[in-house]
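What follows is a single structure, written as structure tokens, with notes after it.
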Amino acid sequence: MRALMMDTPLLISSQLRHGASMYGDQQIVSRTVEGPIHRYTYDDAYKRACRLANALCAYGIDQGDRVGTIAWNGFRHFEIYFAVSGSGAVCHTMNPRLSPGQLTYIINHAGDRLLFIDATFLPLVEAIADRLTAVEAIVVMADATHMPECALANLVCYEDFIGAHAEDYDWPVFDENTASSLCYTSGTTGEPKGVLYSHRSTVLHSLCIALPDVLHLGEHECVMPVVPMFHVNAWGIPYAAAMTGSKLVLPGPKLDGASLYELILAENVTVTAGVPTLWLGLLGHVKETGQDLGSLRRTLIGGAAVPEAMVTVFENDYGVEVRQGWGMTETSPVAALNRLKPTMSDAPEDARLRIKVKQGRSVFGVEMEIRDATGKRLPHDGTAFGELFARGPWIASHYFGNAESAALDWFPTGDIATIDADGYMHITDRAKDLIKSGGEWIGSLELENLATNHPDVQQAAVIAVPHPKWDERPLLLIVARPGTAPARQEILDHIALHVPKWWLPDDVVTVESLPLGATGKVLKTELRHQYRDHRLPGN
Ligand code: AMP
């Protein structure tokens with residue numbers, strides 16, 4: 001029997017519309033790229049998102065067209081999120097830290113027709129502009145007085161673009177499975193892959209992250225996503241904030257400890273979210289200055305493992321609850337969240353810490369399991385470990401441009417984990433061949449290829465070694481060609497020609513040979529184990 005309820009689609013436009021009509025005077029505060037703080041309300045944001053949606057239609061952006069952004073967390077980026085997706089186009093956010101080659105590939109692969117960029121990223125775009133195959137115009141997210149000098153003919157000022165368009169807009173109603181946004185992630189092999197979110201997945205994910213045991217969002221909260229809006233939609237916070245009427249603080253380009261602290265205090269931030277590296281800066285700042293963390297009550301930390309010391313400092317010294325989260329670009333991202341069960345709250349500190357450093361339990365909607373190499377499901381006993389698989393309504397079934405491939409019913413995460421009897425998942429290793437530095441990926445394969453291009457390098461392996469600030473940094477191990485002794489700096493100079501500076505290995509070690517597995521592949525797990533205490537220069 002079919003139910004007799006309305007079939008109202010879950011659409012992103014409804015989130016901002018609700019935010020503006022119910023919490024119209026709630027504030028959105030942004031640190032601009034120009035410096036000053038910008039402050040307005042959900043009502044103002046809604047009107048400007050309507051103007052932008054009208055402008056996009058007038059320009060000729062159709063449903064399904066891709067519109068790229070290269071921008072920090074700020075109010076114009078927030079407007080773009082809702083205007084682009086809400087009007088039926090796809091908001092494609094990009095990481096400005098990618099190399100020019102990677103950015104070119106991603107923009108062309110997505111087929112972006114328009115690019116919205118912060119003025120600071122203009123040199124980046126200028127350098128690749130003649131290689132962009134579908135981009136018609138570049139809209140600089142600034143007003144006329146802050147437009148940079150530039151020779152590009154197709155440059156438009158954001159405020160001119162939205163111009164005098166109407167402050168209301170008839171948001172189209174369409175199937176909730178329509179694509180809403182796109183974010184590329186580094187593949188272990190080959191080129192970056194696009195994850196294409198839907199309105200349905202985004203709205204359901206927003207409902208999930210607003211829950212009390214996740215971010216606990218609502219009109220009485222003030223949330224500051226430090227995680228960038230170019231990284232998995234700032235973990236969904238802009239959508240969830242609009243939907244729940246939380247005050248939203250967008251920190252712009254200044255992510256150092258002092259700048260974050262200033263916003264937390266001035267705006268009475270109660271909830272934050274970001275990768276571990278960023279919190280080191282904030283904790284260092286408050287320790288140095290002897291300050292407290294004001295009204296901050298909880299922080300969602302994910303993207304990389306949360307060090308035990310970070311949990312104790314936040315919780316014991318500052319009374320801020322740490323909630324570790326686990327997810328991926330392909331999982332929207334929130335899939336697991338770590339809060340202690342009520343029965344654990346009286347446990348001794350070390351027992352509680354042992355749980356808190358785990359990645360967490362499945363949130364409603366996501367199922368997780370671990371499997372061995374033959375695909376057999378392993379027990380959830382806290383000991384057996386295998387590759388983590390996940391499934392649910394906000395988990396990718398295909399990559400963008402590859403819809404003909406068989407749909408995945410379980411997503412293989414490339415993380416190796418245990419799951420205990422209470423459901424707490426703990427990542428113990430990573431099967432995928434990548435290094436995560438400060439929350440951003442570095443491709444080991446690309447570095448290895450570049451190293452072996454050097455005439456004196458016979459074999460190369462790049463592994464992640466633990467780093468106190470960046471969580472992981474790349475270490476390059478090389479086997480030299482017989483009769484040669486390549487110098488460390490020479491190899492690094494050779495690699496530096498092709499990758500962003502922050503990708504450069506922190507150290508180069510020459511070895512006699514590399515350990516190989518049965519299939520002739522370098523045993524990275526063994527190398528990671530062997531070099532886990534390797535002291536990188538400067539540490
Ligand atoms: P990304 O797609 O860039 O968001 O990266 C996702 C990957 O980051 C996961 O597959 C993990 O390898 C890693 N990751 C995310 N959250 C955590 C966490 N809490 N602890 C350890 N690794 C994490």
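Atoms within each ligand, like the ligands themselves, are counted from 1 in listed order. Remember, it's a predicted structure, so these values are computed and weren't measured experimentally.
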Using a 4.0 Å cut-off to any heavy atom of [X], which atoms of ligand 1 qualify?
| X | answer |
| --- | --- |
| Q324 | 18 (C), 19 (N), 20 (N) |
| R430 | 12 (O) |
| H231 | 1 (P), 3 (O), 4 (O) |

Please answer whether the main-chain N or O of M229 pairs with a side-chain N or O of Y81 as donor and acceptor at a distance below 3.5 Å. yes
Taking 4.0 angstrom as the limit, do [X] and [Y] come out as a salt bridge?
| X | Y | value |
| --- | --- | --- |
| R297 | E221 | yes |
| K524 | E526 | no |
| K432 | E387 | no |

Between [options], which one has a non-hydrogen atom sitting closest to [atom]?
| atom | options | answer |
| --- | --- | --- |
| atom 18 (C) of ligand 1 | A304, G302, P276 | A304 |
| atom 19 (N) of ligand 1 | A305, G325, G414 | G325 |
| atom 10 (O) of ligand 1 | E440, E330, K432, E472 | K432 |
| atom 2 (O) of ligand 1 | V232, T329, V275 | T329 |

Quick one: look up the protein heavy atom nearest [atom] and list residue, atom name and how far away it is.
| atom | value |
| --- | --- |
| atom 6 (C) of ligand 1 | G327 O, 3.3 Å |
| atom 20 (N) of ligand 1 | Q359 NE2, 2.9 Å |
| atom 9 (C) of ligand 1 | D415 OD2, 3.2 Å |
| atom 7 (C) of ligand 1 | W441 CZ2, 3.4 Å |
| atom 5 (O) of ligand 1 | K436 NZ, 2.9 Å |
| atom 14 (N) of ligand 1 | G303 O, 3.4 Å |

Restricting to ring-ring contact (aromatic ring centres under 6.0 Å, His included), what partner residues turn up for F389, sequence neighbours left out? none
Is it the case that the ring center of Y184 lies less than 6.0 angstrom away from the ring center of H92? yes
Under 6.0 Å from the NE2 atom of H498, do we count more than 12 heavy atoms belonging to anything else shown? yes
Report all side-chain donor-acceptor pairs from residues 304-313 shorter than 3.5 Å, counting only partners two or more places apart or in another chain.
| residue | atom | partner | partner atom | Å |
| --- | --- | --- | --- | --- |
| T312 | OG1 | E308 | O | 3.4 |
| T312 | OG1 | A309 | O | 2.9 |

Quick look: M328 vs ligand 1, heavy-atom contacts under 4.0 Å, and the answer is both
For residues Q359 and D415, is any side-chain donor paired with an opposing acceptor at under 3.5 Å? no
